[in-house]
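Hydrogens, waters and symmetry mates are skipped; everything else that's a heavy atom, side chains included, is used. None of these values were measured; they are calculated from a predicted model. We name chains A, B, ... by the order of the sequence lines, and we start the count at 1 in each one.
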Number of protein chains: 2
Amino acid sequence: MITIEDVANFAGVSQSTVSRVLNKKEYVKEATREKVLKAVEELGYKPSRLARGLRINSSQILGLIISDIQNPFFTSLVRAVEDVAYQNNYAIILCNTDEDPEKEELLVELMLSERVAGVIITPTREYECPILKLHEMKVPVVCVDRRVFDCETDTVISDNVESSFKLVKHLIEHGHEKIGALFGSSKITSFRERLEGYRKAFISSGLQVRNDFVKQSTPKEGEGYSLANELLDLPQPPTAIFAGNNLMALGAIHAIKDRGLSIPSDISLVSFDDQEWTQLMTPKITVATQPKYEMGKKAAELLMRRIEDYQCSVKHITLKSKLLFRESVKSIVSENL
Amino acid sequence: MITIEDVANFAGVSQSTVSRVLNKKEYVKEATREKVLKAVEELGYKPSRLARGLRINSSQILGLIISDIQNPFFTSLVRAVEDVAYQNNYAIILCNTDEDPEKEELLVELMLSERVAGVIITPTREYECPILKLHEMKVPVVCVDRRVFDCETDTVISDNVESSFKLVKHLIEHGHEKIGALFGSSKITSFRERLEGYRKAFISSGLQVRNDFVKQSTPKEGEGYSLANELLDLPQPPTAIFAGNNLMALGAIHAIKDRGLSIPSDISLVSFDDQEWTQLMTPKITVATQPKYEMGKKAAELLMRRIEDYQCSVKHITLKSKLLFRESVKSIVSENL
DNA sequence: ATGAAAGCGCTAACAG
DNA sequence: CTGTTAGCGCTTTCAT
């Protein structure tokens, strides 16, 4: 492996000079600059990012800690972060928490161990979050998709309360009053906010929220399936289901199909995120779609900004979701007349 | 940040001793071992992976270079690699080539720069691949999903020729002779092999392969859409389409829908990978599904093995796909009678 | 079984 | 504008 010393010798200059031209921080005479660049080229020199990192106590790596890369919502987000990271000559280390706070903590420690330049994270809970450790070590952090209340952190989320409100309002306007809801834990702010939107929609319509219709668990497909079954097993089952994320929606759909029921004639359904299947299946599913890529991009930009200036003011960005009204909601107003 | 020196001082031993107990390579007296461990615990010491990496000239990081994380096929693969990597205390750096050989080369250089312990890659082409650079530097490499002919490398792929053969044979058995095919470039071995399977199916049935029915381009949805349109525009369009991957299938489906045609009554379709939408849409799509997670897992295991012993024998693993015959193929044999 | 010391490849004062 | 020098935090001989 060829080192900075080799380059220096080859070019007949000192290591510092090589370092200077490569980091283009200080002035170097044009002639020597060219000599060095030629040596670099000739020798095919690639700086050791490890050595550099050790010296400046920070690697050219960003940590990206998400719930699960297999959730297509996060996939887009990851891609966005990667795109801006690579533009800025950062690599990214990707990790999944699987919504497990202990795993999250281990991963944060990994990030510390790797001396990453910054981390983007979807925290598993709003309090007692390991982000504090990052703050202690002055590692730039930005939260994405979810918020955290232990500390002040740059954040990018979508308008959960509002999109959720609109989705449920849409159901209510179509005559639904018994609306089952499937959410992840309320310790995850996105779900707490969606639940809040759900409640607000009821209240604003002068309706009572029935807590037995609100089911919460791990926001995965399997849980969506069993919680939907619990709803369907109720003596007076809901006429519509509001799924708190795309995975739970998938579970709910399978639960509905497995009972031989159909959407929307037997039961209506709304959910989040415009996955391929939501528009390919019959009926097309009504969803609120978050600007996933944009969220990741903004988060990465906020992180780059804070890496440049650790002291800059904290920003909270809320991006708007788009409502896509499709075919999965049946109007049952006539039945009430 | 607390260092190994702090731990040594706290425990009243030397740095070497601390290093020894932490790397558990050499014998240390039980009593001192405990003292050190207690100090580590007390102080909350996290070794700098950067410093360690610099010293041993290799980080505890694996490089994972894929086409595009947004392709669900790769998503599962990535998850598998991550799972075994973390089990072995490695982190992973994730990158997308977008099928661009230049980008691939840059990414390989990044890996070299980061002194990753090994890399798993889906090469963008079979020859002139930057894997050679990795070999030069004796960095362990394993190819996944695709092969490479420039050098001997551990490889994990699926049985592309065979699964492709079966898929096309299935179409032929249902009376289809005009079968359009959508593939990525033949420089990508998986597509070359799938094309080979396609050809073999024709030959084994005593049929002629019509080259104007074989379309190749970037294996993305957009290209799938336009190539499918080219096929549909033919004076004698095919009665079935064989899509070379899930993205191109999606494009083809949209092309078909946009023309007001329907599957399978107007045109049959088969493809790869059991994505959610393939079984949620009507009709359910007949596919060959590759053991994605298993492929990633095997690849990661091969890599761990080669990291342990760089000289071990090269392995080529081919995993079996499963055929899922569903509703997207119409029998047209009767029409021929 | 343990300590002392050197050095991995780089950057950043500090001189000049 | 450029060179000298001193580490960053760790592992690894080499002694003892």
Side-chain angles (χ1 to χ4, degrees), chain A residues 1-37 39-40 43-61 89 109-110 112-117 137-139, chain B residues 1-37 39-40 43-61 89 109-110 112-117 137-139:
Chain A
M1 201 86 234
I2 129 112
T3 76
I4 199 172
E5 194 184 352
D6 301 328
V7 177
N9 291 152
F10 189 97
V13 298
S14 75
Q15 299 184 28
S16 4
T17 302
V18 177
S19 176
R20 277 185 195 107
V21 344
L22 260 24
N23 295 306
K24 38 191 116 178
K25 289 279 176 193
E26 293 173 70
Y27 274 110
V28 176
K29 212 202 310 179
E30 187 55 27
T32 45
R33 216 182 71 87
E34 277 169 21
K35 259 195 309 189
V36 170
L37 258 20
V40 167
L43 267 28
Y45 168 64
K46 303 285 160 204
S48 161
R49 290 166 68 114
L50 243 34
R52 174 164 205 278
L54 174 59
R55 184 54 235 248
I56 66 176
N57 197 34
S58 163
S59 62
Q60 288 274 15
I61 296 182
N89 196 28
E109 274 164 9
L110 168 66
L112 253 16
S113 238
E114 287 288 355
R115 304 290 190 273
V116 297
M137 303 310 304
K138 298 207 181 301
V139 177
Chain B
M1 202 83 235
I2 130 114
T3 75
I4 199 172
E5 195 184 350
D6 301 327
V7 178
N9 291 151
F10 189 97
V13 297
S14 74
Q15 299 184 26
S16 0
T17 302
V18 177
S19 176
R20 277 183 195 111
V21 344
L22 261 24
N23 295 307
K24 39 191 115 180
K25 289 279 176 196
E26 293 173 69
Y27 273 109
V28 175
K29 212 202 311 177
E30 187 56 25
T32 45
R33 214 182 73 88
E34 276 169 22
K35 260 196 306 190
V36 170
L37 258 20
V40 167
L43 267 28
Y45 169 63
K46 303 287 160 202
S48 161
R49 289 166 67 115
L50 243 34
R52 174 164 205 278
L54 174 60
R55 185 54 233 250
I56 66 175
N57 196 35
S58 163
S59 62
Q60 288 274 14
I61 296 182
N89 196 28
E109 274 165 9
L110 168 67
L112 253 15
S113 237
E114 287 287 355
R115 304 288 190 275
V116 296
M137 302 310 305
K138 298 207 181 301
V139 177

Quick one: [X] [atom1] to [N] [atom2], roughly how many Å, whole number?
X       : N      : atom1 : atom2 : answer
B/Lys46 : D/dC10 : NZ    : C1'   : 17 Å
B/Lys24 : D/dT11 : NZ    : C1'   : 17 Å
B/Tyr45 : D/dG9  : OH    : P     : 10 Å
B/Asp6  : D/dC8  : CG    : C1'   : 13 Å
A/Leu50 : D/dG9  : CG    : C1'   : 12 Å
B/Leu54 : D/dG7  : CG    : P     : 17 Å
B/Arg55 : C/dA6  : CZ    : P     : 13 Å
B/Tyr27 : C/dG3  : OH    : C1'   : 21 Å

Within the distance-only criterion (no hydrogens, no angle test), does the side chain of B/Asn9 pair as donor or acceptor with the backbone N or O of B/Asp6 below 3.5 angstrom?
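No: the side chain of B/Asn9 does not pair with the backbone of B/Asp6.
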
For the side chain of [X], counting heavy atoms from C-beta on, which of [options] is nearest?
X       : options                : answer
A/Ser16 : C/dG3, C/dA12, C/dC10  : C/dA12
B/Ser19 : D/dT11, D/dC10, C/dC10 : D/dT11
A/Thr17 : D/dC10, C/dG9, D/dT2   : D/dT2
B/Arg52 : C/dT2, D/dT11, C/dA1   : D/dT11
A/Arg20 : C/dC10, D/dG9, C/dC14  : C/dC14

Flag for A/Ser19-A/Ser16: side-chain donor and acceptor within less than 3.5 Å:
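No, no side-chain donor-acceptor contact under 3.5 Å.
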
When rounded to the nearest 0.5 angstrom, what distance separates CG in A/Leu50 from OG in B/Ser113?
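Here the rounded value is 9.5 Å.
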
Residue whose nearest DNA chain C nucleotide is more 5′ - B/Asn57 or B/Lys29:
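Its nearest nucleotide lies further toward 5', so the answer is B/Lys29.
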
Does any part of the side chain of B/Val40, heavy atoms only, come nearer than 4.5 Å to the side chain of B/Val36, both counted from C-beta?
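Sidechains of B/Val40 and B/Val36: in contact.
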
Across the strands shown, which category fits [X] at heavy-atom distances under 4.0 angstrom: base, sugar-phosphate, nothing?
X       : result
B/Gln15 : base
A/Thr3  : sugar-phosphate
A/Ile56 : sugar-phosphate

Residue closer to the 5' end of DNA chain D, A/Ser14 versus B/Ile4 (nearest nucleotide)
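Its nucleotide being nearer the 5' end, the pick is A/Ser14.
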
What's the shortest heavy-atom distance between B/Gln60 and A/Glu114, and which atoms?
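Of all heavy-atom pairs spanning B/Gln60 and A/Glu114, the closest is O-OE2, 4.3 Å.
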
Can you find an N or O donor on one side and an acceptor on the other, under 3.5 Å apart, linking the side chain of A/Arg115 with the base of D/dG9?
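Result: no qualifying N/O pair found.
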
